[in-house]
Amino acid sequence: MSGKWAGRALLAMLALLFALRVVQLKGKGLLHVATPRGSQAPEVAGPLLSGDRFRLADERGHAVALVFWAPWCGPCRAELPGVERVWKRLQSSGHAAHIVAVDTEGNADTAREAQARLGLTMPIVLDDGSASAAYQVTMIPQTVIVDGAGKVAALIRGEASEDELMRAIERVERP
Amino acid sequence: MSFDERIGGVLVAPRRTFARLVGGEARASDVAWLLVLRLVAGELDRFAHTVAVMREFGVGAAAQEVLAVSSAVLPDVVGILAAGMMLQLFCKAKHAFDVAAYAWIPYLAVQLVAALAFTALRLAPSPRAQSLVQVAGLAWAVAAWVVALVEARNVPEQKVTT
């Protein structure tokens, strides 16, 4: 095979991959958001690292920020200490809003290790994959804020700063 | 050499192609274009989801998503830069940096064949399969880089620097 044809084959493979991905897009439902603002938030239920069990349905009446993360994710590890400080501020100032870190890996050992290394005291729920799938978590970190009525109120994709997270929670609490 | 010949020659006739690339036919834009194409073709589903995110949550959320998606080629870019710096270190060829970038093409070819196979078969690659693909691609890229190095050191000084 000459270099020219090998080059064309490489470009053809790129084009074919593009075409295959286009075909597959239709069945994936990625062209719409699974949890648009105002929609009922899918249930998140799973064991907490502390040993209790978490159910989003039990959290009605106040806002809940679900922070999707994983122990191996660098941006998540960078974000979580700030999230922890927001959680402590909420606790100390008597806010009703809660923050829950949802470990998308669902591995208690690695989550516990990250918890100790980052000095986290906020609740960490282990996801078996169902919450990540329901919220269409294609990237982490990602924060979904659910209002007191159990509806999706805000979404922060990527690393959220402390101020950004606090403002978003306050906006949901006092619309 | 045309664009097709430059990128394909690295795969099927590396010595001859690298000799010509070192001689001044390398184009930095070749690999840049391939990186963009690989990003668009490989991460199309995530780009499509970005459009949905933008409609629902605004430009800010979509911009964060685009940055995250673009980071998919970050390891490739770092590898290309490292290969360029190493080649520059071992030889003083004027276009060493551009030439080294072509060594990434075999890695791309292996990744593409694997992605096509998994996509066509609608299979999610296992971690073991992913590792195998990575190792095969890297091995071929390193071999190509060594050929580039040999050719860069072989080319007479005046031909390299003109």
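Chain letters run A, B, ... following the sequence lines, proteins first, then strands; residues in each count from 1. None of the values given here were measured: they were computed from a predicted structure.
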ILVMFWY network linking [X] to [Y], side-chain heavy atoms under 4.5 angstrom:
{"X": "B/M85", "Y": "B/V99", "result": "yes"}
{"X": "A/L66", "Y": "A/L48", "result": "yes"}
{"X": "B/V66", "Y": "B/M54", "result": "no"}
{"X": "B/F90", "Y": "B/V147", "result": "yes"}
{"X": "B/L138", "Y": "B/L132", "result": "no"}

For atom CZ of A/R60, decide whether the heavy atoms of other residues, nucleotides or ligands shown that lie under 6.0 angstrom number more than 12.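 Atom CZ in A/R60 is crowded, with more than 12 foreign heavy atoms closer than 6.0 Å.
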So does A/R117 have more than 12 non-hydrogen atoms from other groups sitting under 6.0 Å from CZ?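 For A/R117, atom CZ is crowded (more than 12 foreign heavy atoms under 6.0 Å).
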Side chain, backbone, both or neither of [X] within contact of chain A (heavy atoms, under 4.5 Å):
{"X": "B/A120", "value": "both"}
{"X": "B/T119", "value": "both"}
{"X": "B/A109", "value": "both"}

Quick one: pull up CG in A/L17 and CD in B/Q111 and give me the separation to the nearest 0.5 Å.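 Reported value, rounded in 0.5 Å steps: 11.0 Å.
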Got a second to check how far B/L34's CG is from A/L10's CG, nearest 0.5 Å?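 With rounding to 0.5 Å, CG (B/L34) is 6.0 Å from CG (A/L10).
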Between chain B and each of A/L155, A/I156, A/L11, count heavy-atom pairs under 4.5 Å; write down the option with the most.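 Top count of heavy-atom pairs under 4.5 Å with chain B: A/L155.
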Among A/A154, A/P36, A/P75, single out the residue with the greatest number of heavy-atom pairs under 4.5 Å to chain B.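 Among A/A154, A/P36, A/P75, the one with the most close pairs to chain B is A/P36.
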List the atom of A/A6, the atom of B/G8, and the distance in Å for their closest heavy-atom pair.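 Closest approach of A/A6 to B/G8, heavy atoms only: CB-O, 3.5 Å.
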Checking A/S39 against chain B: side chain, backbone, both or neither under 4.5 Å from a heavy atom?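 No part of it gets close to chain B.
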For the candidates B/L37, B/L11, B/L67, which exhibits the highest count of non-hydrogen atom pairs separated by less than 4.5 Å from chain A?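 Highest number of heavy-atom pairs under 4.5 Å: B/L37.
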Are A/K4 and B/D4 within salt-bridge range, i.e. N to O under 4.0 Å?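 No, no charged N to carboxylate O under 4.0 Å.
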